[in-house]
Amino acid sequence: MKSVRLEHITKKFGKAKGVEDVDIHIKSGEFFTFLGPSGCGKTTTLRIIAGFYFPTEGKVYFDNEDITGLKPNKRNIGMVFQNYALFPHMTVFENIAFGLQVRKLSSSEIKSKVEKAQKFVHLEGYGNRKITELSGGQQQRVALARALVIEPDILLLDEPLSNLDAKLREETRIEIKRLQVELGITTIYVTHDQHEAMSMSDRIMVMDKGEIQQIGTPQEIYNKPVNHFVASFIGESNIIKADVKNLTDTHVTVDIGGGIILKGLRENGSPMLDYANEDSVLLSIRPEMINTGEGANTLTGIIQLSEFTGVSINYIVKVGDHELNVMIVNARTKVLERGDTITLHVPESGIYFMSEKR
Amino acid sequence: MTTNSETRAPKQSMWKRITQSKYFVYVLISPLVFVLLAYVIFPMYKTFLQSVVDQEGSLSLTNYLRFFTSEANLESLYNSIFISIVSVITCAIVGVGMAFLLNRYEFPGRKILSILVLVPMALPPLIGAISFSFLYGSSGIFPRLFQSIFQLDNVPFALEGIWGIIIVHTFTMYTYFYLSASAAIRGLDLSLEEAATSLGSGRLRIWRKIILPMLTPAMVASSLLVFMISMASYTAPLMFGVERVMTMAITLSRTNGNLDMAATQSTILSLVSIAFLILMTWYQNRRNYQSQSKGVGVHRTEVSSPVVKYIAAILSTIGVFILMLPILVIALISFAVDGEWTTQIIPTSYTFEHYIELFTDSRTWGPIKNSIQMSIVAVIGNIIFGVAAAYAMVRFAFKGKVFMDILIMVPWALPGTVVAVNLISAFSEGNVFSFNQVLVGTFWILPLAYFVRQLPLVFRNTQASLIQMDDSIEEAAQSLGATWWHSFRRVVLPIIMPGVLAGTLLAFVQGLTEFVASILLYSPSTMPLSVGIWNKMYSFQFGTACAYGVLQTILIIVVLLINERLKGGTNQSGASIG
Ligand SMILES: Nc1ncnc2c1ncn2[C@@H]1O[C@H](COP(=O)(O)OP(=O)(O)OP(=O)(O)O)[C@@H](O)[C@H]1O
Ligand SMILES: [Mg+2]
């Protein structure tokens, strides 16, 4: 299994920007995810790794070998395409065998490897099926088998689940993760679905507008987003602009307007934030961090919208000038209605500070 | 598997520099550019040159002045344009009318009619014209039949002159309108109409606001197509002896030895055709393909009144007759003893002789063999360059692509007469492009003409298949380690094969039935099939001529049926290239 290193990769399409200054080091055996909204450059980055795009600037290394100019067919990568890109004129067996035939393996070897791969993705006995005779999920697994059977150094997956329905997506997601763990293969996964990214990845790279926003483990990304974009893209969050009133070694006191003062922990802030240099900051408060009743940072507000989902009760509460999303875990408490007054509090650790810049 | 790329690095970077240069794509398309330059542009340029250089060898516009001051020339131009415009209108009325009738109404005889409505596509152009003159010409079967029924001195009516041409055009070309209008009608979202009705729209309003706008793109495209083909039409004027149309004027100028005027007329006709080609390309690029709501079966209004049903059945029968008659008459006469049919309504004595002769008499077999040989040569060239061209055009982005797209289609837009004149201008003496050989008068000139004329056919069909193929399929092959060549051979080619084959088969039968360019270019030793037909007609050997015609027609039908199969899943509807 190889590691992948991108060194200051920039890709321009004519004048249009694809990605800019992408610099990452993906460790051997790691499950690494590119996450971001549509058009942010995930596919572009992946295709540079695969060799289908040549970067305008920067270098690509597999282990320590510079492969920037190496053709895609020499890179020994397994790639699963969003639309699977199965060969429509071949059977399941022939599709999976293609890469082995290219590598000039003996036919007995090919046979045993393909059969093993079929078994691996639970497609035993489907060898003679035509591609058109398979369901979406089965096609997806053929694509996976075809990519894995060549024993690639790196596995690249571009939104492999986006064409599947919700249930199949869940199953296949678990399947892919199982295969990856069993094979220990370096895997780069592209998605715009944060749930997928959070549940599968060792590390996530969040991208926006062709630039890296943050790289980190799912917990880091969720708990310590570096900026507004990451905080709101991953999970839900109440982002509030606030003026810094008081700064001590341990605490930060801010004014969010309307006479509401909140106090949080100084350590609970983005590494990009330098309190000393900023008069105002952004607060990120996750809906699940807000509790009912009195406590630290007590707030009162009027309920604008009340929604019962079973697991939780979601409110939109108007507090001063702000509308806060609040999520209360359902403990058989009474569900309040629109127009009711509610008392809330936010524990000091529930307030996260970010810089307004970036 | 690990790649030892360190050792390969230096070589690779050289290769890389070449292949990753943005000019590399021009290396790839250069053979294609060469072919188009040598056999399309250069011949066109030679003709143009001849038209603007006078006897002394200096540039002058005398020829054009003569053209635009000569009454005969202006009349030819006027007639060509008049015939084309009227043909567009009549084809549109018949084609769209049939499309609505067959797609929107259920009546006795609809099924058979909707198959036979495509019969004109199976008629080779020359055979179509001949059959009409047999049926409705001044010594045709029907005029004589009426003459004898009513005991008249002269035939009561006959297809002649310009209107004869227009009727032949209508019969042979309404299918373009029919096909595109049918596709559009099938794509009409019925719920739109129903919505409009429920909102209180009257029938007329629905037509004006909903149906007509939806049909417009198909109508415009077909109109341009029919106009172009009508301008290029040569067989029908020849058949009806109308000399004052552009194509005939060109050949007449040539036979009168006025080569400069022929070149001038050709250039003018080329300009018209190319202008229309550009117009068509522009229109097709501009038009956005709306996604059509699928799964809504076409709703056919059932004709319920018994009287109307009865009338519909009678009209359908007449329709079937009219559609089948050209083929029937050719088939009938193919059994007629040569020279025995003179003033009778239909031939009196019949024989199987002609069909036996086709394959046994070496003189009769000769033209068939020639045509097959020359078409095969042309088609091999078509496959190589057509597929390469389509691949380059679909896969690569480069400057001048739009221009190339039009350039490839130019030989399709040029009238056969003009292609022939151009080739004669270019290759009646040796030059670099003919490896210093004189091609005119040799075996090679006709395959070259077929190659040039049919390249667009293979190109377009291959292009359509390639566009349907997802880019990522080729990338998948590469990511699995396949070289470009391996993935092209094992993945791309098998996937696009149906399209290539369809185009190739069409090109092949078009070669077998080509008449217009052949008649100007052939030499007696390489006489092709259609010219053979024409010569037999000329010497009143109608039986043999029609036996040839039946052979051509059967070949076309076979190819059309195979293509229907090939395209089965992909459903490429719309007008095919004429
Ligand atoms: N071949 C290309 N030519 C020109 N621009 C391109 C090309 N490929 C991508 N781009 C542009 O580069 C940017 C990044 O595209 P990319 O396909 O990498 O996005 P993505 O993150 O994969 O989006 P999605 O989630 O929609 O797949 C986009 O603005 C896109 O328009
Ligand atoms: Mg993408």
Side-chain angles (χ1 to χ4, degrees), chain A residues 2 13-14 43 46-47 49-55 62-90 94-105 131-132 142-143 146-156 158, chain B residues 1-22 24-25 395-399 401 465-466 468-501 566 568-570:
Chain A
K2 291 194 174 174
F13 298 102
T43 301
L46 195 75
R47 289 169 63 83
I49 298 172
F52 295 124
Y53 285 155
F54 187 74
F62 285 0
D63 284 345
N64 284 318
E65 187 183 315
D66 179 358
I67 52 97
T68 315
L70 195 66
K71 289 206 177 171
N73 56 339
K74 299 274 183 274
R75 294 193 180 195
N76 200 37
I77 44 163
M79 184 149 176
V80 175
F81 294 80
Q82 180 164 1
N83 55 1
Y84 316 144
L86 296 173
F87 307 131
H89 60 300
M90 297 184 188
E94 288 165 337
N95 262 282
I96 302 177
F98 186 90
L100 299 173
Q101 280 159 353
V102 168
R103 285 166 176 71
K104 303 231 157 46
L105 267 59
I131 292 306
T132 45
V142 176
R146 185 179 69 176
L148 288 172
V149 77
I150 60 172
E151 291 163 28
D153 296 322
I154 297 145
L155 180 63
L156 307 180
D158 192 354
Chain B
M1 195 186 107
T2 48
T3 45
N4 53 341
S5 65
E6 283 98 329
T7 54
R8 234 180 273 148
K11 189 176 135 219
Q12 215 146 41
S13 70
M14 236 269 275
W15 177 241
K16 194 176 81 193
R17 237 181 308 147
I18 298 170
T19 54
Q20 260 149 11
S21 150
K22 54 182 173 199
F24 182 64
V25 54
R395 277 290 174 273
F396 304 117
F398 51 90
K399 277 213 177 66
K401 189 164 162 172
S465 307
L466 275 169
Q468 283 178 351
M469 193 184 94
D470 206 299
D471 286 8
S472 51
I473 285 192
E474 225 177 321
E475 287 170 359
Q478 280 178 46
S479 80
L480 291 168
T483 57
W484 174 83
W485 175 236
H486 187 97
S487 96
F488 184 77
R489 210 161 37 87
R490 293 289 312 279
V491 177
V492 179
L493 218 48
I495 294 176
I496 63 170
M497 213 26 151
V500 177
L501 215 57
L566 287 175
T570 58

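In what follows, chains carry the letters A, B, and so on, assigned in the order in which the sequence lines appear, proteins first and then strands, with residues in each chain numbered from 1.
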J.: Less than 4.5 Å apart, any side-chain heavy atom of B/Ile473 and any of A/Pro88?
T.: yes
J.: Using the rule side chain to side chain contact (heavy atoms under 4.5 Å, CB included), only one of A/Ile96, A/Asn76, A/Ile150, A/Val102 pairs with B/Leu480; which is it?
T.: A/Ile150
J.: Top residue by heavy-atom pair count (under 4.5 Å) with chain B, among A/Phe87, A/Phe62, A/Tyr84?
T.: A/Phe87
J.: I'd like to verify something: which residue of A/Arg146, A/Gln82, A/Met90, A/Met79 has the highest number of heavy-atom pairs under 4.5 Å with chain B?
T.: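 Of A/Arg146, A/Gln82, A/Met90, A/Met79, A/Arg146 has the most heavy-atom pairs under 4.5 Å with chain B.
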J.: To the nearest 0.5 Å, tell me how far A/Arg47 CZ sits from B/Ser472 OG.
T.: 8.5 Å
J.: In the structure I gave you, are the side-chain heavy atoms of A/Phe81 and B/Asp470 within less than 4.5 Å of one another anywhere?
T.: no
J.: What's the spacing between A/Phe52 CZ and B/Asp471 CG if we round to 0.5 Å?
T.: 10.5 Å
J.: Where does A/Leu86 contact chain B at under 4.5 Å (heavy atoms): side chain, backbone, both or neither?
T.: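 Contact with chain B involves the backbone of A/Leu86 alone.
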J.: Looking at A/Pro72 and B/Gln478, what are the two nearest heavy atoms and their distance?
T.: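 Answer, listing the atom of A/Pro72 first, then B/Gln478: CG-OE1, 3.5 Å.
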J.: Is B/Val491 close to A/His89 at the side-chain level, that is, under 4.5 Å between some pair of heavy atoms?
T.: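 Answer yes - side chains close enough.
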J.: With only heavy atoms counted, which part of A/Gln101 is less than 4.5 Å from chain B, the side chain, the backbone, both or neither?
T.: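 Contact with chain B: side chain only.
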J.: Among B/Glu475, B/Met497, B/Arg490, single out the residue with the greatest number of heavy-atom pairs under 4.5 Å to chain A.
T.: B/Glu475
